[in-house]
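Beneath this line is the structure, given in structure tokens, with notes to follow.
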Amino acid sequence: MRASQYLIPTAKEAPAEATVASHVLMMRAGMIRRVAAGIYTILPLGLRVMRKIERILREELEKAGCLEVNMPMVIPAELWRQSKRWDLYGPELLRLKDRKGAEFCLGPTHEEVITQLAASEIKSYRQLPLNLFQIQTKFRDETRPRFGMMRGREFVMKDAYSFDLDAETAQVSYWKMHEAYTQIFSRCGLEFAPVEADTGTIGGSLSHEFQVIADTGEDALATCVSCGYAANIEKAQILAVAPAAVKQTGEPKRLDTPDVCSIAELTSFLEVEGKCVIKALLFELGDQVIMALMRGDRELNEAKLRALLDCDQLIPASPETLMRSIGDVAGFIGPLGLQDIRIIADHEVMAMNDAICGANARDQHLGAVQPLRDFQAETADLRFAEEGDICGRCEGQPLSFRRGIDVGHIFYLGNKYSKAMGATVLDKNGKPTPLEMGCYGIGVGRTAAACIEQNHDEQGICWPVPVAPFEVHLLALGKQQEILDACEPLYHELTAAGLEVLYDDRPERPGFKFKDAELIGLPWRVGLGKRGIDSGSAELVERRSGERFDVPLAELAEFLTKRIVPARLGN
RNA sequence: CGGGGCGUAGCGCAGUCUGGUUAGCGCGCCUGCUUUGGGAGCAGGGGGCCGCAGGUUCGAAUCCUGCCGCCCCGACCA
């Protein structure tokens, strides 16, 4: 490709709105342009990167036996009602009406559509296992799109769905995808880690995220050097502290705390530390009222509580529910003397002595409270893993922490959707059985962004060969005809050798071209100017290492082919 | 959705507090000459409903009200 005939609008400065490296560099290198919040036009150079990633996806998924399909982006509400997600998914689901007033949504994910297809097309266990995928634009009306392609509202996702007869074979399918994902991200040249993850609103029980390791990542990851356990901190198991030795004597003391409602107010009013206070949070789950207890200095990990309660969302108790179940005591609730409320305490709460908690009476708290003596509760792990926590898997080493970008997520779904939507097959005995499903996503644009986060320097991007928009940046160093005449055959030769070459034939000064080349970040730069013509050699620079080579023109193609072709396979 | 910030040329910004000629600077863009291995120099030029709508005023980029858009921090996700 000739740069003079291509569109790569590079810029010295990025728009002020871009704050992270990948966003800044994608803007500066002329890969993307913003159209609206979280919605982007992808320019030719950016699109080439997307296509490279998509090609790797297709190759690896087809290797894993998946079949490509294409589902609609506009989905009838009826399908989403069947799965109940029309009501559960919330405002992130962009809803629209057609001219007849019929309701639709833009697909944020495609369990409903694929399950409907499975229900009608998969009739016999003999057709299983089956894994269908698509690479398609999704829309999620996120409250806060961020960081360019990292978190858009409209984004390209590879989503795959597996169908099996029973849980056992479904898990085989799951682990096969785990392996395919490992291959995919390795091939993209990324440093990443599969970590155990919360299953969120998609439901199900077994799940991994594929996290690209980067300080700018939005997720915190906990790993154990001793046993290799790795999990999102939402999910990470931590060693439970033992309950405190129970003081059998004594009793709680009533404390007057007028208008002291929050933990912050309470700790400053009583001049105690947060870890001496029990925080009580009230939720409603159907007809049931749930009280979660945390140490005052800890944050409730909602994902862990949701998983424990096996529900899609936690609904804070309404004032009416609070009034009905305990009384007019907002800001003063505690676990003592309650009836018909399910109390779930974090392990740390049960290890407290002389704790302070709400008295279930206006303007009052209780002191000297002793868990187990003064109240009973289920215990569970309800907090986030933190620095210093011991691995809950091997119970040996402290967990260590890193940050990551969630580029892929796989779920074992079970039969949640197949049951809801009547997707059954006949088993060997001719008996209808709900399909066992898994779903598997990869954000294509996010993978590209993550790749830049992990591969850039002060000057610009340093593309790994497998996802680079081109492999070689040939620069004509000078605008004299003599130089162009020398570069032209090189361009043809390298292209003919099967290399992807971007030829900068623009009438620009050498310094200008060097800067652009470093910004765009193709793996190999080949510079030819007067000097090179005189010596019969070109200057090669490997972008990532900065290493320079003077290579005779006759050997160029061979030199580059030897280095680039093997690198196409990735890590 | 809570908190904070921003909206002036394609991009980066000044001017707004304290209203007053023709709204300014750098980069980029166009023309010419010079230059030609690390984002060149000189000269000339084009480009603005100062986010939108109302209001106050003799006069508004500047003051007031409402709206819209965008970004950042938090709660949610590929």
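Below, all heavy atoms of this structure are taken into account, side chains as well, without hydrogens, waters or symmetry copies.
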Could you check whether the side chain of A/Arg506 and the base of B/G39 have a donor-acceptor pair of N or O atoms closer than 3.5 Å, going by distance alone?
no
Short side-chain N/O contact to B/C1 OP1/OP2 from A/Thr143, under 4.0 Å:
no
In terms of heavy-atom contacts, A/Ala449 and A/Met150 come closest through CB-SD, 4.0 Å
Can you tell me if the side-chain N/O atoms of A/Arg146 get under 4.0 Å from OP1 or OP2 in B/C73?
yes
Over all strands shown, is A/Asp159 touching base, sugar-phosphate only, or nothing at heavy-atom distances under 4.0 angstrom?
nothing
Over all strands shown, is A/Arg28 touching base, sugar-phosphate only, or nothing at heavy-atom distances under 4.0 angstrom?
base
Go through B/C70, B/U35, B/C77 for me and flag the one nearest to the A/Arg151 side chain.
B/C77
Check for me: is A/Phe155 stacked on B/A78 by the 5.5 Å centroid and 30° plane-angle rule?
yes
Winner on side-chain proximity to A/Phe411, out of B/U36, B/A78, B/C13, is B/A78
Given B/G37, is OP1 or OP2 found less than 4.0 Å from the side-chain N or O atoms of A/Arg531?
no
At under 4.0 Å between heavy atoms, what does A/Glu299 touch on the DNA or RNA strands: base, sugar-phosphate, or nothing?
sugar-phosphate
Test side-chain hydrogen bond (donor to acceptor under 3.5 Å, both in side chains) on A/Arg95 and A/Tyr89 and set out the steps.
CA-CA 11 Å; A/Arg95 295 152 213 256; A/Tyr89 208 87; over 6 Å; no
Is there a donor and acceptor pair closer than 3.5 Å between the side chain of A/Glu508 and the base of B/G39?
no
Answer with yes or no after comparing the ring centroid distance for A/Tyr174 and A/Tyr412 against a 6.0 Å cut-off, counting only values under it.
no
Base, sugar-phosphate, or nothing for A/Glu142, non-hydrogen atoms under 4.0 angstrom?
base
